[in-house]
Amino acid sequence: MGDRLSGVNDNVRPRLLLIDGHSMAFRAFFALPADKFTTSGGQHTNAVHGFVSMLANLIKNEQPTHVAVAFDAGSTTFRTERFPEYKGGRDATPEPFKGQVPLIREVLDALRITHYEREMIEADDILATWSSEAGSRGWEVLVCSGDRDSLQFVTDTVTVLYPVKGVSELARMTPDAVEAKYGVRPERYPDLAALVGESADNIPGVPKVGPKTAAKWLTQYGDLEGVLAHADEITGVAGQNLREHIDQVRLNRELNHLLTDLDLPYAPEDLEARPWDREAMHTIFDALQFRTLRDRLLAMMPAEERGDDDVVAGPSLELDAVAPGGLGAWLAARGGKHLGLEVRGRAVPGSGDADLLALGDADGHAVVVDLTEIEPADDAALGAWLADEDAPKFVHGGKARWHELQGRGYALRGVTLDTELAAYLCHPDQRTFDLEDLTIRSLHREIGAASPGGTQGSLDLDLDGDGGELTVLAERASILVPLGEALADDLADRSATKLLELLELPLADVLARMEDTGIAVDVDLLRELDAEFGEQARHAAEEAYAVIGREVNLGSPKQLQEVLFDQLDMPRTKKIKTGYTTDAAALTELFAKTQHPFLEHLLAHRDVTKLRQTVETLLRYVGPDGRIHTTFQQTVAATGRLSSADPNLQNIPIRTAAGRRIRRAFVVGDGYETLLTADYSQIEMRIMAHLSGDEGLIEAFRSGEDLHNYVASRVFGVATTDVSPAQRSKIKAMSYGLAYGLSAFGLSKQLGIEVGEAQKLMDDYFTRFGGVRTYLHEVVEAARATGYTETILGRRRYLPDLTSDNRQRREIAERVALNSPIQGSAADIIKIAMLEVRKELDARGLRSRLLLQVHDELVLEVAPGEFEEVEALLRAAMGGAAKLSVPLDVSVGTGPNWHDAGH
DNA sequence: GCTTAGACGTA
DNA sequence: CGTACGTCTAAGCG
């Protein structure tokens with residue numbers, strides 16, 4: 001443990017840092033823009049950020065041996081009781097500030113810094129007491145406070161750090177500095193303040209007496225008592241005012257006297273700085289989304305402290321020099337035990353490549369292989385090991401490794417643990433799962449720190465000529481073994497082991513193959529569409545310009561706002577950060593009100609440029625094989641869904657006729673007969689029926705009737721044959737909204753009806769399908785109790801905000817809690833189905849293959865002559881993926897392109 | 001060159 | 001004041 005944070009070294013004079021928590025946090029709050037410091041969940045963090053940043057600077061620059069923070073406990077204190085106007089007239093604490101103080105306390109806890117507050121007492125009194133106690137021990141004391149009253153306890157050994165500008169610049173208030181600024185010694189400062197008053201605390205001073213006059217008097221008569229004793233001698237208006245305000249001045253002096261004799265539960269010795277709690281730091285900084293600040297603090301920790309006291313030092317890394325041809329022996333020596341596998345390369349589906357590969361074992365032995373100049377014997381040994389289902393491997397992001405190795409001609413099998421997938425299952429809401437971060441979090445170790453010889457120093461010999469990349473890669477491979485074991489424990493604690501081993505891990509392989517296969521596109525058709533949409537966009541733009549008499553950038557919301565609300569002075573739409581929205585819903589409403597032709601052209605332009613943009617993005621991604629290879633992201637969606645990126649093939653238009661033309665460009669590839677799509681109909685409603693056990697809803701699905709018709713007939717009390725289209729669509733909107741936590745307000749907005757009518761619709765709905773309401777309530781309450789929701793496969797999502805004091809955050813969490821089990825269970829089911837489809841296709845030796853997954857839909861490419869068998873196995877796999885209390889209905893379509901294969 | 005906001009496509 | 005995503009452009013930052 002380093003001296004800095006280890007507390008008293010007998011030879012070193014203790015240095016105590018004391019901080020007025022509220023006053024500094026409040027300064028930070030006003031110094032930093034609230035909108036720039038907000039988590040994705042909407043929690044303001046500007047005060048926390050400013051405070052912690054200041055704290056980090058202080059610790060770094062001042063190197064205190066002891067640290068403590070005092071907070072104000074509430075608005076009533078012994079001072080307000082004595083003088084009710086004290087600190088009166090202040091504006092209410094701003095809403096965005098509240099709630100940040102508990103977060104600051106959490107950070108302090110993680111840093112193991114003592115913080116204290118007491119009813120009726122102000123932070124300054126606590127600091128004054130500690131300061132006085134420490135001063136009497138001969139310690140050096142630094143007091144960080146934005147309250148000028150603290151200047152009274154400045155001495156030769158007690159310095160006040162007073163914020164000048166924000167919280168980044170602190171003035172060192174020594175006795176000389178106080179005298180230079182106020183003209184009196186620190187011990188006389190409260191006398192001066194009593195005369196001058198303090199507007200911030202609503203303490204009136206003597207009129208016409210400012211710091212200069214007060215200092216002059218105090219110098220002349222010694223102290224406040226002297227001044228008051230000679231009040232009669234002072235001439236002029238100021239003297240007259242003083243005589244009239246003597247009582248107020250005495251009261252002021254009484255109020256600004258800070259207590260130094262409190263009986264506190266912590267003596268200065270108890271405030272010794274302690275090693276930080278890394279785990280807690282990660283937790284709170286993750287929640288606050290402070291990445292840089294966390295890194296800054298971590299960097300400040302002495303190297304010896306890196307591992308904390310409860311952490312065993314990691315085994316040193318031994319990079320084995322394996323002679324050409326010796327890789328097989330190296331592997332054999334590992335005796336079939338699991339190894340960490342890392343690869344360097346490009347993980348691009350369909351055109352990946354790998355140049356370096358590293359293997360690491362549990363004993364800290366590692367080997368790095370240059371794949372570009374590998375010996376045939378090593379190549380064979382490595383290829384066999386990689387492809388061996390029974391040679392266990394730990395990887396991080398195995399699907400990407402699969403693509404890299406595939407590009408070099410290696411098959412990858414036998415992955416028994418993927419640290420990225422494991423971490424995702426443990427923390428599905430986390431945005432990234434960098435190996436470096438996981439290592440710090442789970443093992444309290446840092447990659448790069450344990451390299452042989454230490455790669456930290458700039459003087460290291462770069463023997464491999466690779467900037468240390470080889471050793472880092474070897475270290476990454478090595479760390480996978482202990483990291484994998486740690487995560488396996490974590491998974492077991494969360495009952496997620498099977499989810500990894502039986503679902504996500506095998507699915508990664510299925511996805512890798514789908515990505516590698518890609519989907520064929522008709523490039524000529526895409527180019528045609530590009531040109532056509534481009535022409536239509538030009539036309540719409542010209543028409544729009546003609547209407548307003550000038551050319552603006554129709555793609556700029558800012559410029560559009562000028563046109564709509566300044567130039568054309570249209571009714572204002574919904575407020576957004578930058579003014580008023582120009583989104584499609586608002587523009588459509590504006591058009592209904594104004595019939596202004598500009599809006600028509602603008603909307604047409606929007607539609608067609610969006611389509612064109614989609615087409616152009618697709619064209620950019622067509623590979624040399626004439627196919628588009630998306631990447632399915634398996635660790636992104638917190639509910640357990642997949643997402644698709646580079647390009648996103650899960651948001652190809654389907655709702656409009658023009659949009660559907662794009663789907664025609666996704667075609668069956670050479671050597672295949674047709675595309676086949678299969679989708680689950682109303683899977684989320686079926687899951688809702690199953691999970692809620694609502695008899696009415698279950699019967700609706702078993703009846704074989706059209707779901708929305710059936711539900712509408714029950715809600716409106718008419719025969720299924722008499723349900724009007726309007727009734728059906730209302731019910732449809734209501735049913736789908738339920739799973740999202742839709743409110744009567746939201747429903748009314750969507751249907752364009754009164755809130756009262758929407759409320760009645762909801763009431764009628766729940767009269768008939770009460771089990772649904774009960775279920776939705778229970779889901780939220782259960783999640784509040786356990787801290788997480790669960791899908792049918794036990795996939796969890798943690799929702800700490802369910803118990804938040806912040807209503808908005810809490811309500812968002814409640815809607816998430818409603819939706820996650822439903823959306824997540826649907827994701828579970830289709831994932832099971834994909835595994836089954838793949839298994840059956842392989843088992844039967846069929847050439848047909850999975851291409852895409854779009855949440856409730858699978859797209860396959862069917863080889864000649866296999867259609868009937870594939871359709872049957874697909875229906876069986878999808879329909880049998882889960883045993884629910886309602887049937888899983890699958891509808892299948894086929895055709896030469898995605899549009900025609902759809903339904 | 002980077003990030004953010006607004007907009008909009010899908011389930 | 002309905003969930004889950006990805007990606008484009010414009011605009012502001014350095």
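Because the structure is predicted, anything quoted here is derived from the model rather than measured. A note on names: the letters A, B, ... follow the listed sequences, proteins ahead of strands, and every chain is numbered from 1.
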Would you classify [X] as touching base, sugar-phosphate or nothing, given that sugar-phosphate means primed atoms plus P, OP1 and OP2, and contacts are heavy atoms under 4.0 Å?
X	result
R612(A)	nothing
G737(A)	base
Q823(A)	base
L642(A)	nothing
L747(A)	nothing
A638(A)	sugar-phosphate
E857(A)	nothing

Is there a side-chain contact between [X] and the phosphate of [N], meaning an N or O under 4.0 Å from OP1 or OP2?
X	N	result
T617(A)	dC8(C)	yes
T609(A)	dT9(C)	no
R815(A)	dT3(C)	yes
R655(A)	dA11(B)	yes
T614(A)	dT7(C)	no
R810(A)	dC1(C)	no
K558(A)	dG12(C)	yes

Starting the side chain at C-beta, find the nucleotide from [options] nearest to [X].
X	options	result
T639(A)	dA4(C), dA11(B), dG2(C)	dA4(C)
V636(A)	dC8(C), dG6(C), dA11(B)	dG6(C)
A645(A)	dA4(C), dG9(B), dT7(C)	dT7(C)
R797(A)	dT3(C), dT10(B), dA4(C)	dA4(C)
T578(A)	dT3(C), dA5(B), dA7(B)	dA5(B)
K577(A)	dG6(B), dA11(C), dA4(C)	dG6(B)

Is [X] side chain donor-acceptor paired with the [N] base, going by distance under 3.5 Å alone?
X	N	answer
N648(A)	dG6(C)	no
R606(A)	dA7(B)	no
Q750(A)	dG2(C)	yes

Using a 4.5 Å cut-off on heavy atoms from C-beta on, say whether the side chain of [Y] contacts that of [X].
X	Y	value
N819(A)	R815(A)	no
E532(A)	R661(A)	yes
Y740(A)	E684(A)	yes
D889(A)	Q682(A)	no

Can you tell me the distance, in whole Å, between the [atom1] atom of [X] and the [atom2] atom of [N]?
X	N	atom1	atom2	result
N553(A)	dA11(C)	CG	P	6 Å
H605(A)	dC8(C)	NE2	P	17 Å
I822(A)	dA4(C)	CD1	P	13 Å
E562(A)	dA11(C)	CD	C1'	13 Å
Q559(A)	dG6(B)	CD	P	16 Å
Q650(A)	dG9(B)	CD	P	17 Å
Y736(A)	dT10(B)	OH	C1'	14 Å
K574(A)	dC1(C)	NZ	P	8 Å

Are [X] and [Y] ion-paired here, with the side-chain N under 4.0 Å from a carboxylate O?
X	Y	result
R784(A)	E781(A)	yes
D764(A)	R768(A)	no
E504(A)	K399(A)	no

Mind checking what makes side chain to side chain donor-acceptor pair (under 3.5 Å) contact with R620(A), not counting sequence neighbours?
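Not a single residue meets the side chain to side chain donor-acceptor pair (under 3.5 Å) criterion with R620(A).
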Between R795(A) and Y788(A), is there a side-chain donor-acceptor contact under 3.5 Å, judged purely by atom types and distance?
no
Give a yes-or-no answer on whether the side chains of D679(A) and H903(A) include a donor-acceptor pair shorter than 3.5 Å.
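Indeed, the side chains of D679(A) and H903(A) share at least one donor-acceptor pair under 3.5 Å.
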Using a heavy-atom distance cut-off of less than 4.0 Å, which residues of residues 580-588 of chain A contact DNA chain B?
T581(A), T582(A), D583(A), A584(A)
